[in-house]
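Input: a single structure, listed below in structure tokens.
Within every chain, numbering begins at 1; the chains are lettered A, B, ... in the order of the sequence lines, protein sequences first and strands thereafter.
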Amino acid sequence: MATLRIATWNINSVRLRRPLLAELVAALDPDVLCLQETKCPDELFPLEEIRAQGFPHIAHRGMKGYNGVAVLSRIPFEIRHDDPNWCSKGDCRHLGVALDVPGGPIELHDFYVPAGGDTPDREVNPKFAHKLDFVAEATAWTRSRGPARRSVLVGDLNIAPCEHDVWSHKQMFGVVSHTPVEVEALTGWQAAGEWHDALRHFVPSDQKLYTWWSYRAKDWEASDRGRRLDHVWVSGDLAGTLSRHQVLKPARNWPQASDHVPVMVELAL
DNA sequence: ATGGTGGGGAACCCA
């Protein structure tokens with residue numbers, strides 16, 4: 001294979017938005033698509049419909065009502081079964097696979113980091129504490145494995161680390177997703193694996209870059225108060241293969257849109 | 001300071 005296209009999307013209910021996957025495939029043509037917030041118990045996952053949309057290889061880890069991740073693939077893979085049970089909660093926020101590609105397997109990790117609630121104070125807000133604990137655990141795990149090699153990490157990390165990953169660095173300073181403690185935690189995680197930020201590889205750090213716009217805006221496009229919550233990281237040895245990227249902003253205007261848009265990165269292997 | 005809009009699934013939980 002000449003290229004490997006990996007996409008990630010917080011689909012916010014795989015059953016409700018499963019028809020939109022055809023739009024995504026038409027626009028991005030991904031070899032592998034990682035989903036978050038599938039909100040679907042495993043026994044109800046729409047396996048056959050998604051296979052029919054061109055993804056014969058599917059892994060899903062879901063639960064009733066909340067969370068849930070899935071990997072949809074044209075390429076065979078093996079599910080990793082020995083990854084941590086994050087914060088001992090068993091709450092379906094991570095799925096790791098080994099993609100069977102020429103040149104040896106590529107590890108792919110699909111993460112859905114806790115959103116963290118409204119108050120950025122771990123003493124009064126257990127959701128914020130969970131978010132920080134989750135990232136701390138992931139960082140320790142990453143560090144224990146050494147610098148990432150032939151690996152890609154994607155997902156809704158629910159943190160916008162850079163100044164221009166939010167519409168206003170000043171006004172977002174105290175808002176969960178862009179507080180200094182979260183930014184420090186995320187950049188520490190990234191550093192622990194020597195990961196490369198694939199989207200910022202393509203988009204200069206002085207340019208705005210968003211993947212999420214709130215449902216609560218009267219006109220999301222006019223106000224454009226977005227955040228970059230969705231990420232693609234690649235290991236150092238793959239950074240030189242980064243050949244293309246796409247943030248599918250038009251998806252925010254699809255009927256019954258998710259509040260996140262799909263993001264795609266292409267590797268020239 | 002507040003509430004704004006969604007999804008899940010049947011009262012509030014979560015984002």
Among A/His164, A/His178, A/Glu163, the one residue meeting side chain to side chain donor-acceptor pair (under 3.5 Å) with A/His169: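 Between A/His169 and the candidates, side chain to side chain donor-acceptor pair (under 3.5 Å) is satisfied uniquely by A/His178.
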Contact check, side chains of A/Phe128 and A/Asp133, non-hydrogen atoms, under 4.5 Å: no
Gap in Å between the two P atoms, one belonging to B/dG9 and one to B/dA15, rounded: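 Result for the P pair: 15 Å, nearest Å.
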Whole-Å P distance, B/dG6 and B/dA10: 22 Å
Sugar-phosphate only, base, or nothing, as touched by A/Lys218 at under 4.0 Å among non-hydrogen atoms: nothing
Where chain A begins and ends its contact with DNA chain B, read 5' to 3' at 4.0 Å from heavy atoms: B/dG4 to B/dA15
Cation-pi check, A/Arg252 onto A/Trp220 ring (under 6.0 Å, within 45° of axis):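 The answer is yes, since A/Arg252 meets both limits relative to A/Trp220.
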A/Ala217 vs A/Lys64, nearer the 5' end of DNA chain B by closest nucleotide: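 Counting from the 5' end, the first nearest nucleotide belongs to A/Ala217.
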Given DNA chain B, 5'-ward residue of the pair A/Tyr112 and A/Gln256, judged by closest heavy atom: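 Residue closer to the 5' terminus by nearest nucleotide: A/Gln256.
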Aromatic ring pairing A/Trp195/A/Trp233, orientation class (parallel under 30°, perpendicular over 60°, tilted between): tilted
Atom CD of A/Glu78: over 12 foreign heavy atoms under 6.0 Å: no
Matching residue for A/Phe134 among A/Trp141, A/Tyr112, A/Trp86 - test: ring pair (Phe, Tyr, Trp, His ring centres under 6.0 Å):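 With A/Phe134 as partner, ring pair (Phe, Tyr, Trp, His ring centres under 6.0 Å) holds for just one option, A/Trp86.
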